[in-house]
Protein chains: 4
Amino acid sequence: MRKKNKELHAQRRKEILEAASQCFIEKGIHKANMQEICRTANLSPGQLYRFFKSKDAIILALAEQERQAAAGMIEYIRNNEANVAEALHTISSDLIPEITDISYARMSIEFVGEAGRNKEVANLFEKIEKDFRMCLEQAIKTSQKAGSVKKSVDPPSATTVILSLFDGLSVRSSFETIANKKKLTKTIQELIRALLCKNANKGECS
Amino acid sequence: MRKKNKELHAQRRKEILEAASQCFIEKGIHKANMQEICRTANLSPGQLYRFFKSKDAIILALAEQERQAAAGMIEYIRNNEANVAEALHTISSDLIPEITDISYARMSIEFVGEAGRNKEVANLFEKIEKDFRMCLEQAIKTSQKAGSVKKSVDPPSATTVILSLFDGLSVRSSFETIANKKKLTKTIQELIRALLCKNANKGECS
Amino acid sequence: MRKKNKELHAQRRKEILEAASQCFIEKGIHKANMQEICRTANLSPGQLYRFFKSKDAIILALAEQERQAAAGMIEYIRNNEANVAEALHTISSDLIPEITDISYARMSIEFVGEAGRNKEVANLFEKIEKDFRMCLEQAIKTSQKAGSVKKSVDPPSATTVILSLFDGLSVRSSFETIANKKKLTKTIQELIRALLCKNANKGECS
Amino acid sequence: MRKKNKELHAQRRKEILEAASQCFIEKGIHKANMQEICRTANLSPGQLYRFFKSKDAIILALAEQERQAAAGMIEYIRNNEANVAEALHTISSDLIPEITDISYARMSIEFVGEAGRNKEVANLFEKIEKDFRMCLEQAIKTSQKAGSVKKSVDPPSATTVILSLFDGLSVRSSFETIANKKKLTKTIQELIRALLCKNANKGECS
DNA sequence: TATGAATGAGCGTTCATTCAT
DNA sequence: TATGAATGAACGCTCATTCAT
């Protein structure tokens, strides 16, 4: 009984977050109102407020979700520290189509904007981004030691460039349709090699 | 007398836009209210509305300002079509410090978010971005013909990558301080060369 | 339960319309503000707006009510087309006391004024008036054929005169108390007979 | 000098009233704003307020103007007290086209509405209407003694009917174009005869 | 536990009126 | 005397949140 209730509770929370996400993507965080989220989630306001104590709590929970997604990537890079270039190459194939999806892009923009005015969201973001940066920077350093990345690469700058590239790709997707995602992915994969590897034009990092 | 009035008028508009910009950066477009903008600009609501007919009009005017800035860059690239790589290299030195400024970055985020819900802002943005993309794509093609850019480069993808990189840099700056802008600029300049030029490691595009 | 809610809803709408009507009569449509209507209807603004989406919607609903009233008269005249004079005679007894009621009169004035600046109200009014005019004109023509109305009567002019008389009676009542409604009714009834019937002084139309 | 100033002053007042009248007709008293009236009158707000101490003062002055117009008619009827029917017949020819003019009609509506919420305007109206009523009632009585009006006529009711007819004609004209003013005038003239005179169908009152 | 009616502060905006120049 | 920039209270309306049922 206990367990069932907990599961139901978690399930409801998920449904609410999905409904909220949908509304936020469609109208933006500020223009989407609670009434609408309730309707989309098939819930009364009173019920919804039993699961989330405020609109801000929903936004935060949604941001938290994104954090979980990022955690997977961090894990993958950490497990392939000796060859970041290859890890990024592999990740890109899945990541680029995902982050250039308009819904994902719109949601990201909303979060970044929200981070600018909501301290809690900002803190969460900062944490995710710091984790990501540290993981990637570390991986570049390790890869340099392992010889798979050029010594001339400045790890912090390279990290900033790589993260920016993905962030930018997502932002652009919110207002511009990416024509050819396959070619774009290939271009980015080559670029990352060019940035990190010695004989980039050889097609693969040693 | 006439002239003075016109100057005063223009001066006031500028002051209002500055005040609004400041408020938008601090609180976000939606949370910043007109009362606050008025207070910041040392103006009564009635007075402010003599200069801008609505909050949206202020947002649009601010977006228009950004457009003017972009126009300068477009012009520069167009005048150096035969060697985009070099043009981008030159531009980067000024552009990167500017777009990584936290105020600029925060404002950009707000605009992108606003574009998702305000048709007029969206149209303006679309136009800027289309101009930019077309200009850069054309320059890459011309540079390819001139031999300064590799034939293997896919102009649309390269354009997307370059624009994304700058967009991303700006977005990141809104939540993360860029430690070493000099080094970052250098890394990006090299990256763009690597992306576009044959003998990128030689330090310069032929 | 469902039904009760619906009934409650309808009841509330009615209450709001009554409150609004009262405020409009007392202060005029423009000077009466929503806060006041809310107070009169014992409702918060948020609540009121669940029933009517705008002040204009309230005005329109009130105008619609009047339209319903008019529809009854149109129906009656239509059912007695062969003898309009008699129909008007009958109607007058009820109609005159009603339209000379100060509240009714004040509300009418407000509507006419509103029609001059609110397109939707104007359209509604135009429709009512056109229906009324057409119905009356037709009835006069039919009565002429049936012999109960003089051939010399010009249907459009007679219609205008009759409608104007009632409109005018109402307007006057908004700023002047009608001393003797009985006598006035009799005078008007005789006048309408004089206007339409052959042997008007005989006291009845053949 | 003194005189010239006074004349100029009066002239300006007239111009302002004309401008205001125009604005009120176009937009209604409440939607017409002072800025607009100033612009129409080619005057700065500061100047305008030297001539009229408030918007209400303008409305009142405009109402006063109408009063002057009414005074002319009162005078005419008073001078023909022994034969009101004839006097009304004569007056109608000029009066009906005038009061069915849309501008006049719209202005009248605005005034009546205003009277409902502005005590001073209400007082003025009451006075005009009382004068008019007394004059007409008196004329009917005098005409009855003189034999030109039927004894059976109830002076107060007949007065109300006649005044209502003219008021109603004006009101209707604000939302319905009068198709044939000539025929309408004739119909009304005959109606007034029928109301007041013994052998109305003879075409003239003895 | 569940509902959705109810709240009310706060939003963007307008405009009659004033007053420094 | 003449200007028009400036004021600020008040408007219609929204919506995150609460609470009686």
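Protein chains get the first letters and strands the later ones, always in sequence-line order, with residue 1 at the start of each. Note that these values count all heavy atoms, side chains included, but never hydrogens, waters or copies made by symmetry.
For A:E36, the salt bridge (charged side-chain N to carboxylate O under 4.0 Å, His left out) partners at least two apart in sequence or on another chain are A:K27. Here B:Q47 pairs with B:L43, B:S44, B:R50, B:F51 under the side-chain contact (heavy atoms from CB on, under 4.5 Å) rule; sequence neighbours left out. Applying the salt bridge (charged side-chain N to carboxylate O under 4.0 Å, His left out) test to D:E114 and every residue at least two apart in sequence or in another chain returns D:R117.
For the OP1/OP2 pair of E:dT14 and a distance below 4.0 Å, the side-chain nitrogens and oxygens of B:Y49 include no atom meeting the criterion.
If you take CE of A:M34 and C1' of F:dC15, they are 10 Å apart, rounded to a whole angstrom. Whole-Å rounding puts the B:I59 CD1 to E:dG12 C1' distance at 11 Å. Distance B:N33 CG to E:dG10 P: 10 Å, rounded to the nearest Å.
Residues D:Q11 and D:E15 bring a donor and an acceptor atom of their side chains to less than 3.5 Å of each other.
Using a 4.5 Å heavy-atom cutoff, the side chains of B:F175 and A:E126 are not in contact.
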For DNA chain E, what dot-bracket results from Watson-Crick or G-U pairs at under 3.5 Å, with [ ] for crossers and | for inter-strand partners?
.||||||||||||||||||||
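Taking every heavy atom of residues 20-29 of chain C and every atom of DNA chain F, no pair lies under 4.0 Å.
Across all strands, B:A57 comes closer than 4.0 Å to no nucleic acid atom at all (heavy-atom distances).
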Nucleotide N/O to protein N/O under 3.5 Å, stretch nucleotides 5-9 of chain F:
unit_1	atom_1	unit_2	atom_2	d
F:dA5	OP2	B:R50	NH1	2.7
F:dA5	OP2	B:R50	NH2	2.2
F:dA5	O5'	B:R50	NH2	2.9
F:dA6	OP1	B:R12	NH2	2.7
F:dA6	OP2	B:Q47	NE2	2.1
F:dA6	O5'	B:Q47	NE2	3.4
F:dT7	OP2	B:S44	N	3.2
F:dT7	OP2	B:S44	OG	3.0
F:dG8	O6	B:G46	N	3.1

